Structures are given as C-alpha cells and as structure tokens.
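When a residue number appears, it is its place in the shown sequence, counting from 1. None of these values were measured; they are calculated from a predicted model.
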Amino acid sequence: VQLQASGGGLVQTGGSLRLSCAASGRAFSTYGMGWFRQVPGKEREFVAAISWGDSSTFYADSVKGRFTISRDNAKNTVYLQMNSLKPEDTAVYYCAAGVGRIGVAAYEYAYWGQGTLVTVSS
C-alpha cells in the first residue's frame, strides 16, 4: 500500500489543522493506521492510531483530548484532526499502515507516507 499525507502548514498557537492520509491499493479497511511525528534530532514519536476492525482509537498522552484520528474506508483515507495546537506539536507528521494488530511502536507499521510538516507559531 502507498500512503500520501497532506494538510500540514503553519498555524498559530491554539489553532487547528486536519491532516489527511490517502492510501492506494486494496484492502485499506484491513490495515491499522497510525500517525507519528518527528522533530529533527529526535526519534519518531507515536501520536495516534486507529484499528482496522472496530476502529478503536488510542492516543499519546501529549495529544489526548486535542487530537482525533478517524478513517473513511470508502475513501481509503485516514484523518488526524488537531485542535488547540501548541508550539511543541511542531514536527513532520507521518501516517503509517500496519497489518493486523498495531500499537505505539514504529516497527509495528510496515508502510509509511512521506510526511507533512506542521509548524505551530507562538
């Protein structure tokens, strides 16, 4: 599966952005999907994930209550709605797809998009 992330940009503190990740290929509905982010010089960090079966979701503590992950299997797309953005949310955001059970570790995801930059100004 190929993934194409979009929707990043520059936003002020407290603002909102919605990231999209479009997937090509078959059986999108059978993939668990996740969002990660990375700042230069730091490891890639888990943000949110949504399962393939019951679309259950889980989040990093740092974004819980502010970010919402969702998926539209008819459109082969996963979204990350980001509200109340903070400067510390500034990063390149990556979407990822994994087969079967997925979690918070990057190695659990076999496919990665190219990343989209989110910059939150103070």
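Ser56 places no side-chain N or O within 3.5 Å of a backbone atom of Ser51 that could act as its donor or acceptor partner. Within the 3.5 Å criterion, the main-chain N or O of Ser84 finds a donor-acceptor partner in the side chain of Arg66. A donor-acceptor pair under 3.5 Å links the side-chain atoms of Thr116 to the main chain of Gly8, judged by distance alone.
Between the side chains of Thr77 and Ser20, not a single donor N or O lies within less than 3.5 Å of an accepting N or O.
Residues passing the side chain to side chain donor-acceptor pair (under 3.5 Å) test with Gln81, sequence neighbours excluded: Asn83.
Salt bridge Lys86/Asp89: absent, no basic N to carboxylate O contact under 4.0 Å.
Remark: Arg44 is positioned above the aromatic ring of Tyr94, its terminal NZ or CZ atom under 6.0 angstrom from the ring centre and at most 45 degrees off the axis. Cation-pi geometry between Arg71 and Phe28 is met: under 6.0 angstrom from the ring centre, within 45 degrees of the axis.
Counting heavy atoms from C-beta on, the side chains of Leu117 and Leu10 never come closer than 4.5 Å. Using a 4.5 Å heavy-atom cutoff, the side chains of Val63 and Arg37 are in contact.
Among the candidates Asp72, Ile69, Asn73, the single residue satisfying the side-chain contact (heavy atoms from CB on, under 4.5 Å) test with Val78 is Ile69.
Taking the six-membered ring where the residue is Trp, the centroids of Tyr109 and Phe36 are separated by under 6.0 Å.
The two residues Ala23 and Val1 have their closest heavy-atom pair at CB-CG2, 3.9 Å.
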